[in-house]
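Each chain gets a letter, A, B and so on, in the order its sequence line appears, and its residues count up from 1.
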There are 2 protein chains.
Amino acid sequence: MPSSRSPSRPTIIDVARDAGVSKTSVSRYFGTERTLLSESMRSRIEASIARLEFRPDRIASSLRGRKTGLIGMLVADLRNPYTVAMVHGAELACRERGYALVVFNTDNDDALERRHLDILKGYSIEGLIINTRGQNLAPLQQSLASGLPMVLVDRHMPGLECDMVGLDNAQAVALALSHLSEQGFQHVMLVTEPVAGISSREERVAAFDVEAGRLCLGHQVLEIELGDNAERLDCAVGAWLERGEHPRALLSANGVVTLALCQALSRLGAQSFERAGLIGIDELEWCSLVGPGISTIAQPVEAIGAQAVERLWTRIEGATDAPCQVVLEGELTPRGSTMAAVRP
Amino acid sequence: MPSSRSPSRPTIIDVARDAGVSKTSVSRYFGTERTLLSESMRSRIEASIARLEFRPDRIASSLRGRKTGLIGMLVADLRNPYTVAMVHGAELACRERGYALVVFNTDNDDALERRHLDILKGYSIEGLIINTRGQNLAPLQQSLASGLPMVLVDRHMPGLECDMVGLDNAQAVALALSHLSEQGFQHVMLVTEPVAGISSREERVAAFDVEAGRLCLGHQVLEIELGDNAERLDCAVGAWLERGEHPRALLSANGVVTLALCQALSRLGAQSFERAGLIGIDELEWCSLVGPGISTIAQPVEAIGAQAVERLWTRIEGATDAPCQVVLEGELTPRGSTMAAVRP
DNA sequence: TTTGGTACTGAAACCGTTCCCATTGGCGTA
DNA sequence: TACGCCAATGGGAACGGTTTCAGTACCAAA
C-alpha cells in the first residue's frame, strides 16, 4: 500500500531512504552512470522503485543538466491531411528515439505562430520542426542563432539556414506531366494556391513550366485563393473547360487544391470528370472513390516527418555540418481520371 | 545587442541585476503578486525584461508551486479524421485558457498507451484527455485516484469515474433512422467495427435496435473487423445487397466504416450506390463527392474537443462535483445517397 | 512618543533532480 | 608497511524559479 502514505508522488529521496542508499545512487540508477553501481545496490534500488512505483520527474531532472526530451513542432494547419500524416511519421520517429512531440497549430496566423514559438522556448525544447508560412523570420533566426536545432518541412525559408525535408518537387511534377503526356493529354493547367513566396509552390510552378515546355504541352497556371468564395474557382475551371480543342488535364498542386477541384468539377456537372483529366499531388483516402478515381502523385508524408526527426536528432547529438536538404520522391498512382485521353 | 553577451537565455537573476532589484521582485512581476510592486519598480523591471528579452522558464517555475500549463492527451488513432478534428477543437480551447497540449498517439497499442501515460505523468501534466480503447484500466484508475483531472472522450470506461464528453448516440442514431424511414427505406443494416465493449459502439447498436424496432424497419447489425481483409466486407455487403426485396439502406457507425463501405460499394460496381441507401455517422470532407453524395450525421467534433478541455479546466480550478457527462447532438446532412428510396 | 497598520522589498528556504567532488575500503605493488 | 589507484558511494551545491517570512519606511491614531 504505498499510496496510503503521501498524497503526492514519491521522490528520489523517498526511494533512497527506502533502499537505504543515497539519492545520488538512485539518480545514477537511471542514466549512463548506472554501470558504476554494484549488483547488490542495483537490485535494492530496483526493489524500492518497484515498491514505491517511483518515476523520475522529468521536469526536475531537466532543470539541472539533463535534457527535456521534448521536440517542438509548429504546423500551419493541423487539419490538412498532409500535416496529419507528417505529424504521425514524426511521432513514430520520436518514440523510437525517446522523445515526446509537442505540436502547436498556428492556423496560418503569424501572431499566433510567434506566441507559440515563445511558449515552446519556455519549455526548453531540444529541437524544433517547422511547417508554417514563414512570415516570422526574425524570431526563428534568433532561435537558430541561439543554437536550437531546427528543421524545415516542405519548404525553405530564405534567410534561415537550417536542414530541410520535403518532396522532390521537380521529380513529382515531371512524373505527373510525363504520365499525362503518355496518356495523350496535350494541354495542361496547374492549379495552385497563391505562391506567395512559398518555396515548394514556387518549385512546383517552375518545374511545371519547364517540363510542360519540354514535353511540348500547352500549359498555363491558375493561382487562386481557396476558402470562402468557391465561385471564382468554378468560373475559372468552367471557362477553361469550355475553350477546349485539345485533350486537356488539370494538375493539382496539393491535396487541398485537389479537394477544391473535385468539388468544383462536381458542381459543374457530373460529366465534368469526362471532359478533362485530373491528377493531384498528395494521395488522399477518397481518391479512388471520386468520379472515375483520381490519379495522384503520393508524397511520402510519413517518411518526411520521420526524416525531419532524424535530422534533428543528428543535430542534437552534435552534428555541425552544413545545413542539408532531404528531398524524397513522389509516387504515381494512375487511376481513371487520367485514362483514355481521347476526349472531344 | 543583448545576445552578444551570454550564449544561454537570460535568467531571472540577470534581470534582477540589470534592474537593480531582487529576483523576488522580478518573480512577482509575473503572476498574481504583481500588484504588490510599486510603479517605479514595475517600470524598471519591465525595461530590463525588454532589454534582455527575458522569458521565464516554465519548467523551472513549475518545480516550485507554479503549474506546468501542460495538458496531456492520449488518442488511439491520430489519422482518424474524428481524432484530428477533436484535437483541433481541444487545441483551440487550450489556447484560450493558456494551456499547451501534448498529444500522444497510441496507435491502438495498449502497451504503448501505458508507456505514454507514464511519460505524460513524468511531465507533471495538469489534466488528461483520453480517447483510447480502454484496455488499461488500472494505471488510469491510479492516476485518477492520485487526483489528476481526467476526461474521457467519445466513450466511457467502466470503472473509471470521471467526466466524459461525446456524441448523443441515441439521438444521432434516431435521427439517421427517422430520416431513412421518411425517405421510404424499409430495411436497414448498421455496419460497425467490433463492439468489443466500447461504450459508444454499444450505445449505437442498442439505439439502432430500439429505434428500428420502433419505426417498424427490418434491421440487422453487421459487426466486422476492418483493415487488411477487404473481401470479407465485400462479401457481406454483396450478399446483403442481393437478397433485397424492400428498399434498403446502410447505416455506417462512424467515418472509418463509411470509407470502408464506400470502397466496398465501389468495388461491387458503380451502380451499387443505386441499389441501397447509405448514411454515415461522421461528416467527412469527401462525402459530397462520392457517388450521389453520402448523407451524414455530423458529430460536433470540435465542440467535443473544446468541451473536454472545459471540463478539465473546471476540475483544475477545483471543482469536485460528481463526474458529469456531456453529450452533444449530431446534425443531419441529407445527400443523394438517401434520396428516392423507390428502388427495385 | 509609542503603537499599529499598510505598502513594499529582499534574504533564504525550497522544489526534485543531476553533477562535482570528497571519501571509503580493498587490492596490487614497491 | 606505506603508497597509489580504482571502484563504489555519498554529501552538498547548483539549476531557475516561487514562496515564506522577516524586515523597513512611512503614516495615522492613541
Spacing of [X] atom [atom1] relative to [N] atom [atom2], expressed in whole Å:
X        : N      : atom1 : atom2 : result
A:Arg44  : D:dA8  : CZ    : P     : 14 Å
B:Asp14  : D:dG17 : CG    : C1'   : 13 Å
B:Leu36  : D:dG23 : CG    : P     : 19 Å
B:Tyr123 : C:dC15 : OH    : C1'   : 18 Å
B:Glu33  : C:dA7  : CD    : P     : 15 Å
B:Ile13  : D:dA14 : CD1   : P     : 11 Å
A:Arg34  : D:dA7  : CZ    : C1'   : 18 Å
B:Leu63  : C:dT17 : CG    : P     : 9 Å

> B:Ala60 or B:Thr35: which one's nearest nucleotide on DNA chain C is closer to the 5' end?
Replying inline: B:Thr35
What is the nucleic acid contact for [X], judged by heavy atoms within less than 4.0 Å: base, sugar-phosphate only, or nothing?
X       : answer
B:Thr24 : base
B:Ser25 : sugar-phosphate
A:Arg28 : base
B:Phe30 : nothing
B:Val26 : nothing
B:Ser61 : sugar-phosphate
A:Leu37 : sugar-phosphate

>> Treating B:Arg97 as the side-chain partner and B:Glu310 as the backbone partner, does any N or O pair qualify as donor plus acceptor under 3.5 Å?
In response: no
>> Determine whether a donor-acceptor pair (N or O, by modelled atom type, separation under 3.5 Å) exists between the side chain of B:Tyr29 and the backbone of B:Met41.
In response: no
> Does A:Ser22 place a side-chain N or O at less than 4.0 Å from the phosphate oxygens OP1/OP2 of D:dT9?
Replying inline: no
> Does A:Ser38 place a side-chain N or O at less than 4.0 Å from the phosphate oxygens OP1/OP2 of D:dA8?
Replying inline: no
> Can you find a donor-acceptor N/O pair under 3.5 angstrom joining the side chain of A:Arg64 to the base of C:dC19?
Replying inline: no
> Do A:Lys23 and D:dG11 share a donor-acceptor pair, side chain to base, under 3.5 Å?
Replying inline: no
>> We want to know whether B:Asp154 and B:Ser200 form a side-chain donor-acceptor pair, criterion being a heavy-atom distance below 3.5 angstrom.
In response: yes
>> Quiz question: by atom type and distance under 3.5 Å, do the side chains of B:Asn105 and B:His116 form a donor-acceptor pair?
In response: no
> Only one of B:Val26, B:Ile49, B:Asp57 forms a side chain to side chain contact (heavy atoms under 4.5 Å, CB included) with B:Ile12, so which one is it?
Replying inline: B:Val26
> Which nucleotide in the list C:dT9, C:dT17, D:dG17 gets nearest to the side chain of A:Phe54?
Replying inline: C:dT17
>> Could you go through B:Arg17 and B:Asp14, starting from their C-alpha distance and side-chain angles, then the distance that decides it, and tell me whether this counts as salt bridge (Lys or Arg N to Asp or Glu O under 4.0 Å)?
In response: CA-CA 5 Å; B:Arg17 190 164 29 228; B:Asp14 297 324; 3.1 Å; yes
